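Chain naming here is simple, since letters A, B, ... match the order of the sequence lines and numbering starts at 1 in each. Worth saying up front: this structure is predicted, and the values here are computed from it rather than measured.
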Number of protein chains: 2
Amino acid sequence: MPVSGPTYAIGELAQQFDVTTRTIRFYEQEGLLSPERRGKTRVYRDKDRVRLKLALRGKRLGFSLIEIREVLDLYDDRNHGSVRQLERMLEILADKRANLERQLEDIRAMQRELDQVEARCQSALGELKASERS
Amino acid sequence: MPVSGPTYAIGELAQQFDVTTRTIRFYEQEGLLSPERRGKTRVYRDKDRVRLKLALRGKRLGFSLIEIREVLDLYDDRNHGSVRQLERMLEILADKRANLERQLEDIRAMQRELDQVEARCQSALGELKASERS
DNA sequence: GTTGATCTTCACGTTAAGGTCAAATCCCGG
DNA sequence: CCGGGATTTGACCTTAACGTGAAGATCAAC
């Protein structure tokens, strides 16, 4: 009983996520999406929507489309391959996890630096405005 | 009295940060670095090293070289321009800050998803190994 | 002094991630 | 049934961030 749920046109999806239809078609070409077809036109379901959302999140984090596809493919794995494949998956996951950790560190470091720069800017601005009043 | 401190050759720096010399020269061409010259050869000081470090961090966070240059230029600003310029700087900083926040959110969301995928992998792996023993 | 490592500039190549037409086709309200 | 907006495929274009030689200068070491 595949409840099926709502469907979306490509333009609809594009609007929802603020990307162009070109992007969505490109993601399909690169194997990130595989919508059904009604005739020639693409029909997207919620599972496609989820994949697109995850893909865009990955992109914001600097993942390449290839990496994103790898993870997405693991994600809805109804064919949990061999032991070897599963172990490879865990390897990839560990890798991505490590990367995220480093990004967190980087972000915190950069936030500290932004704090410093901003403080200097603010004080410089204060002085300028003070001298303006003189 | 500019203590000056240690200097580095381009290859040295490349090794320290695990990038190619081409990258370092490219960053110079793009205005991120501006080492002195002894004759034709580049001589790097600690301040250049710091800029390189910050640049690479920025890159890991998905900043473009242009954005990185903007921030670096703000960073060692001995010529804190006009009020307008300072205000523009604060604007940019706020922008980058917001971006970092979103990245943090994305990272946390993605970590949760990795947790789920990994759990599924682990359990599938457990089942496979169990059935192997039968 | 020659060899090998490192440096220089110049220039063309490459890859990722789409953008940008163009020309045909589809679908839907009137 | 038809006109206009949305979709389709296909082709080529673009930008960022380097890679990859080529060809020569320099410099320490043997």
Between protein and nucleotides 14-18 of chain D, what N or O pairs are separated by less than 3.5 Å?
unit_1	atom_1	unit_2	atom_2	d
D:dA17	OP1	B:Leu65	N	3.1
D:dC18	OP2	B:Tyr27	OH	2.7

Less than 4.5 Å apart, side chain to side chain, heavy atoms only: is that true for B:Arg108 and B:Leu104?
yes
Would you kindly give the CG-to-P distance between B:Leu13 and C:dC7, to the nearest whole Å?
11 Å
Find the distance A:Lys40:NZ to C:dA23:P and express it as a whole number of Å.
18 Å
Is there a side-chain polar atom (N or O) of A:Arg42 under 4.0 Å from OP1 or OP2 of D:dT8?
yes
Base, sugar-phosphate alone, or nothing: which one does B:Arg38 contact when heavy atoms must sit under 4.0 Å apart?
nothing
Using a distance-only test with no angle check, is there a side-chain donor-acceptor pair under 3.5 angstrom linking B:Tyr8 and B:Asp48?
no
Are side-chain heavy atoms of A:Arg49 and A:Phe17 found at a separation under 4.5 Å?
yes
I need the A:Leu72 CG to A:Leu54 CG distance, nearest 0.5 Å.
6.0 Å
Same apolar cluster (I L V M F W Y, side chains within < 4.5 Å links), A:Ile66/A:Leu52:
no
Same cluster (ILVMFWY, side-chain, under 4.5 Å), B:Val43 and B:Val19:
no
Could you check how far CD1 of A:Ile10 sits from P of C:dC27, rounded to whole Å?
15 Å
Distance in angstrom units between A:Leu56 CG and C:dG18 P, rounded
8 Å
Minimum side-chain heavy-atom gap B:Phe63-B:Glu70 below 4.5 Å:
no
Nearest-Å distance, CZ (A:Arg25) to P (C:dA17)?
19 Å
Using atom CZ of A:Arg60 as one end and atom C1' of C:dG18 as the other, report the distance to the nearest whole Å.
17 Å
State plainly whether the residues A:Glu36 and A:Arg45 are in salt-bridge range, i.e. N to O under 4.0 Å.
yes
Indicate yes or no for a side-chain donor-acceptor contact from B:Arg37 to the backbone of B:Lys40 under 3.5 Å, with no hydrogens or angles considered.
yes
In whole angstrom, give the distance that lies between atom CD of A:Glu28 and atom P of C:dA17.
17 Å
Rounded to the Å, how far apart are A:Glu36 CD and D:dT7 C1'?
17 Å
I'd like a table of atom pairs between the protein and nucleotides 28-30 of chain D - only N or O on both sides, under 3.5 Å - with the distance next to each one.
none

